[in-house]
Structure formats: C-alpha cells, structure tokens
There are 2 protein chains.
Amino acid sequence: MNASATIKAPFDRDKQFAAKRRAVILSAASAFRRRGYHNTSMVDIAKTLGLTKAALYYYVRNKEEILFESHLMAYDSMDKILKRPQSGEDGLENLANVFREFVSLLTQSGVSLLTDVDSLSGKSREQILARRGKIERRVIKLVKAGQKDGSIRIGDARLQVFFFMGALNWLNAWYDSEGRLKGDDIADHFVEQLRSGIMAE
Amino acid sequence: MNASATIKAPFDRDKQFAAKRRAVILSAASAFRRRGYHNTSMVDIAKTLGLTKAALYYYVRNKEEILFESHLMAYDSMDKILKRPQSGEDGLENLANVFREFVSLLTQSGVSLLTDVDSLSGKSREQILARRGKIERRVIKLVKAGQKDGSIRIGDARLQVFFFMGALNWLNAWYDSEGRLKGDDIADHFVEQLRSGIMAE
DNA sequence: TTAAAATTTGAACCTTGAGTCAAATTTATT
DNA sequence: AATAAATTTGACTCAAGGTTCAAATTTTAA
C-alpha cells in the first residue's frame, strides 16, 4: 500500500473514459442495425446520448471507427461463446448449445450483428472479414465433428452452416426486444428447427 | 393488317425504352446487393452500363426510384412463384417447391433481394414493406396448411418462416454466381435442410 | 438528305453530413 | 476558492455525390 492509496473510490479516469466510449459504440451499433450505417448520422448518434456531434470525436477518431468497433464487439462476444468448453454429449448437442447462445446474445444483450462491411475501407474491412471467416470456420468445425460422430447429417458443412447462420442474421434484422416474443422462446424454437427442420416426425 | 404494318420489325420505341430502363435497374440492383445502396454511386451505375451519370436521369426520376423498382422487381418474381398452382402431395411438398424456386431465382436469374428498405422514404417504404409482408403472409399460409395436413411440425408458423427466410436472405448476400457452387446444388441442399434440419436420421 | 424526335453529355448547382478547432464549461484535486 | 485537466460546445470548413439543364449528338422515318 503506497502513499497514493485512498479509502474512497479512486475515480479511475481511464475506466470512465472506456465506459463512455463503449456506450457510444453500443448505442451507435444499435442504430446501425435498425436503420443502417449510412442512414444514421453522427448527429443522430450524439442526440440519443444527449451529446453534441463534436463531443463524439473526443471518444472516437471518426464514424468508420465506430462501425469497425461495432463489428469487433459482436465478434468478440461470439468468440467468447465459441471458446467455452463444449460440454455436450455429441457434436450436434455442442452445435445446438452454441447456436442457442448466439440467439440469446442477439436478443438479450444489446450486441448487434452488422452486415455493412463494405462501408469499411481497406485494412479495416480485411480485418473484419478475417474475424468473420474465423468464426465461420469454427462453426464449420463443430458441424464436421458432429458428422464424424454420427450426430449430424453428412453433407457440405459449409452450406449447412450458411443456412442456419442466415437465420441468425435475419433474426438480428427483424427482432425487436420490445415485441411480444421472448428471446428464450425464439432460442428454443430456432434450436429445434436447426436440428430437425420443419418436417413433422 | 393496316397501312402502317411493315415487314421488318416495327422498332417499338416504348419497348426499347422499357428494356433499357429495366437494364439500368437490374444492373444497379446487382451492385446494391453486393456493395450496398449507399456504397454505389450514380456514376458507378452509369459506368458499368457504359453511360454517363446524367444519362441515367433519362430513364429514372432519381436514385431512390432505382432502389424502389429493384425491390419491386424481386417481389414481383416471388409473387409469380407463389401464384403458380401448387401441385405437391401435401403442404410440406408445396412449401419445398416454393422454397426451391426462391433459391433458384436468387442464384440463376439476376434478381436480387435487397434489405436496405430504410433508405426509402415515406410512401415508398410503406409500399415495399407492405409487399414484403404480403409475401411473408403467403408463405406462412403455406406452412399452416402443412401443419393442418400433418406434413409440417406444429409450431409458431411465423417463427418457422423467419428461420428459413433468413437462409434465403443470407444466401443472397454471399452467393457469387462465379463461384464453384452451382445454384441447383444449393437449392437441393437448402430444401433438404429446410425439411429435416441437420440432425442425422 | 433532311428534319424531328430521342438520347446522351459536360458543366454546373446544391444539399447533406463528416470532420475541425478554439473557446467555454464542467469536474477533480489541492 | 483556486487551478489544472477533462469534457463539451458552437460555428465553421470541406468533400462527396445526387440532381439539373441547355446544348450536342445520334437515331428514326419520310
């Protein structure tokens, strides 16, 4: 314990700054998801935070950086889910668990999956596409494991993944947390349809 | 046969105009799909057609009208598919047929399913959302018919539809007609996954 | 070959919205 | 209460890109 230690909260400046910056990005991401990147102005973003446009530039280099960080935030969350130890009985169960958590992520937490990657330029776009590719590859691996242990139907794993990841992206587009559908109900439903499609047994 | 009848093609002006206008819209729609509406400038659209920006305004009132007509074009095609007499044995087969044709539409014809409806203003947006809603409702009806005849699992039909329509929208985003995947192969695969999910039997 | 209509163009105009900056205000610390 | 750092602001600049239009060019039909 050195001389600068105090009893009360030390009011960590960096922490405060980081928290506000994060709020800016999350709020903007939500707007991007609903209205689109180009249909959301810096003034819009500032207003919903009770700030003025210029103040945003204290937390962020430019608008594109917000989009970039929005993407990162979503992919970080997905990575975290994918890195959790897989506790399922077989590959299918593992995949279902991951998928359920993806659905929960998009319906419960404020995290948004953005598609407007073409509004990023050069290096940033590459980086985001790389992250997305990495996640896709991980999910494909899960599917292949399930195929190997006999729990998942043999087929082009990549296509299988694209199919249900489409459901995820589309969910992200239409889901409204104010609506009557509970996120968990959707998760149950989606997991079931992921497994068994819509055919009656 | 009246006096104005000729042997050679009569060179129908309106037809010519309509064809060129259609070309403008289809070409633009393709660019919108790949790069996004706001990332595609009027100059971009003009250039790929070998025209100059100003020439576009001979065929089109403004950029938004192109987006509007792009949407209409896709929904017209989907309507046409939905209006074909349903020849399947049961509801599931009917739905599968429609879904297969949707996939073919997006992979074979140049038609693109656009999502950027928020770049339309007021009346146009309403109109497009109404069209989309109408299509969704028709597909939901198909699902409900299948539930009634026992070929489709009982459940929230709306959610079931959103799930596989997501696959369609996502397909539209990633599918590249130059790629190694044949449209028909994708259709087969997707129809199978629509029916039975990914679980091994 | 010619003239009217259709089509295309170059050169502007105009609006929107991102980004900048010096000054004002607020907050933490003494 | 004083002060230095952190934060916010108003007013501005600037570029991008959509839109207009009179004039130039091309096409059709006689």
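Everything numeric in this text was worked out from a predicted model, so none of it was measured. First the proteins, then the strands, lettered A, B, ... as listed; each starts at 1.
Nucleotide dT19(D) holds its C1' atom 5 Å from the OH atom of Y57(B), rounded to whole Å. We find that OH of Y37(A) is positioned 13 Å from P of dG17(C), with the value rounded to whole Å. With rounding to whole Å, K63(A) atom NZ is found 15 Å from dA15(D) atom C1'. Atom NZ in K15(B) sits about 16 Å away from atom P in dT28(D), given to the nearest Å. As a whole-Å value, the separation of L67(A) CG from dG17(C) P is 17 Å. Following rounding to the nearest Å, Q16(A) (CD) and dT7(D) (P) show an atom-to-atom distance of 8 Å. N62(B) places its CG atom 8 Å from the P atom of dT20(D), with the value rounded to the nearest Å. One atom, CG of L49(A), and another, P of dT7(D), lie 15 Å apart when rounded to the nearest Å.
Using modelled atom types, one side-chain atom of Q160(A) and one backbone atom of R153(A) make a donor-acceptor pair closer than 3.5 Å. Side-chain atoms of R33(A) come within 3.5 Å of backbone atoms of N172(A) as a donor-acceptor pair (strictly under, hydrogens ignored). Without hydrogens or angle criteria, R125(B) side chain to L120(B) main chain gives a donor-acceptor distance under 3.5 Å.
Partners of K47(B) according to the side chain to side chain contact (heavy atoms under 4.5 Å, CB included) rule, which considers only residues two or more places apart in sequence or in another chain, are V43(B).
A cation-pi arrangement is absent between K123(A) and F68(A) under the rule of less than 6.0 angstrom and at most 45 degrees off the ring axis.
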Practice task
Treat primed atoms plus P, OP1 and OP2 as sugar-phosphate and everything else as base, then score nucleotides 8-14 of chain D 5' to 3': B for base contact with protein heavy atoms under 4.0 Å, S for sugar-phosphate contact only, - for none.
Solution key: BBB----
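Remark: R158(A) CZ is loosely packed, at most 12 non-hydrogen atoms of other residues, nucleotides or ligands lying under 6.0 Å away.
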